[in-house]
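Read the structure below first, then the notes.
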Amino acid sequence: MLIKRACRAIPLLLILLLSSACGVASTSPAQLPSALNPRGPAAAHLASLWWVMLAFGTAIFLLVIGLLFAALLRGRRATAATAPDDANPDKGRNWPLFAIGLSVIVLAIVFGYNVYTLAVVENPPNNPGIKIQVIARRWWWEVRYTDSGIETANEIHIPVGVPVHIELTAYDVIHSFWVPQLHGKMDAIPTRINSLTIQADQPGVYRGQCAEFCGLQHANMGFLVIAQSKADYNNWLHDQEQSAASPTDPAAQKGQQVFLSAGCAFCHMIRGLDDTDVVRTDVRLGPDLTHLQSRMTIAAATLPDNTGNLAGWVSDAQHTKPGSLMPEMYLNSQDLQNLLAYLQTLH
Ligand code: CUA
């Protein structure tokens, strides 16, 4: 009865699994983040390792099942036969030796391939073209381009075909940096710097995800790696290096005052904004917003970056990400509209 019910549930489970995969693909600008669809050398090595282990696993499974059936058939024949087959009592004594020998050989091959893959992934051949610092926080990613002095959040732009060295750390608890199509997981640990080198062989948007449980919003701690042509990357870098322009539109000008007076500037940096009256601690609690509108998403790749989502996030972030540091802002509707008008100018 129970087995019948379980069998009936299998098609339903498959449909649910497929529909959830479609959901990921349609709400995110990124490709489906599968480690078996690698787009960089490190991920390609890891995918090869996975296929080799699957091949060995499948072969051994089939061998064991085959031997099991052979033994069952033999047992049946032996009970059906009238005379016991005791002419050769030593028959089959070498089987344990054979099984142990085969296990050792298979394990040695898989272990050797593992060590080789680790060595290749840990020591990429080329000198890194770009260095980036990534600081994991509950629940977003701070990204610093040390050579250019720019800072962004949750979206890492890289040029295609160039090794990018990432220095990874965490601000609060242990997180894990994972872009399945570009590299394996790497822990981000407070007070420690771990490093990895990612490289994308094709332009595209690659979804990343925190892969270490880090609290209430662990599942909503995503990010995007945007791989661009060298020219597009340089244009992006040039734009990011500019400070935010002063708004000219009256609503946006009022919105800038709201930004300063409502407390946003305590946590969020906007380069070029004259906020000398704001007592800013060096602890950056929220993302740098200088070029907010150049990003595809807000709230760590949780929502598409548009006016409606921004309004919802500013007025009631706790509804979207309960437990995040972004407080509810009690703004009247006019102030909210003006603030949104100002945020729209941050290209
Ligand atoms: Cu950060 Cu999970």
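When a ligand or atom number is given, it counts from 1 through the structure's own listing order. Keep in mind that what you see is a predicted model, and the values were worked out from it rather than measured.
When distances to atom 1 (Cu) of ligand 1 are checked against a cut-off of 2.8 Å, His218 contributes no N, O or S atom below that limit. Metal site remark for atom 1 (Cu) of ligand 1: Met221 contributes an N, O or S atom at a distance under 2.8 Å.
A salt bridge between Glu167 and Lys131 is absent, with no side-chain N of the basic residue lying under 4.0 Å from a carboxylate O of the acidic one.
Put simply, the side chain of Asn154 gets close to the backbone of Trp141: a donor and an acceptor are under 3.5 Å apart. In this structure a side-chain-to-backbone donor-acceptor pair under 3.5 Å is missing from Tyr145 to Leu237.
If you look at His175 and ask which of its N, O or S atoms sits nearest atom 1 (Cu) of ligand 1, the answer is ND1. Distances from atom 2 (Cu) of ligand 1 to the N/O/S atoms of Glu212 are shortest for O.
Side chains of Ile298 and Leu310 form a contact here, defined as non-hydrogen atoms less than 4.5 Å apart.
Here the angle centred on atom 2 (Cu) of ligand 1, running from SG of Cys214 over to SG of Cys210, is 120°, rounded to 10°.
Checked by atom type, the side-chain pair Glu328/Ser315 shows no donor-acceptor distance below 3.5 Å.
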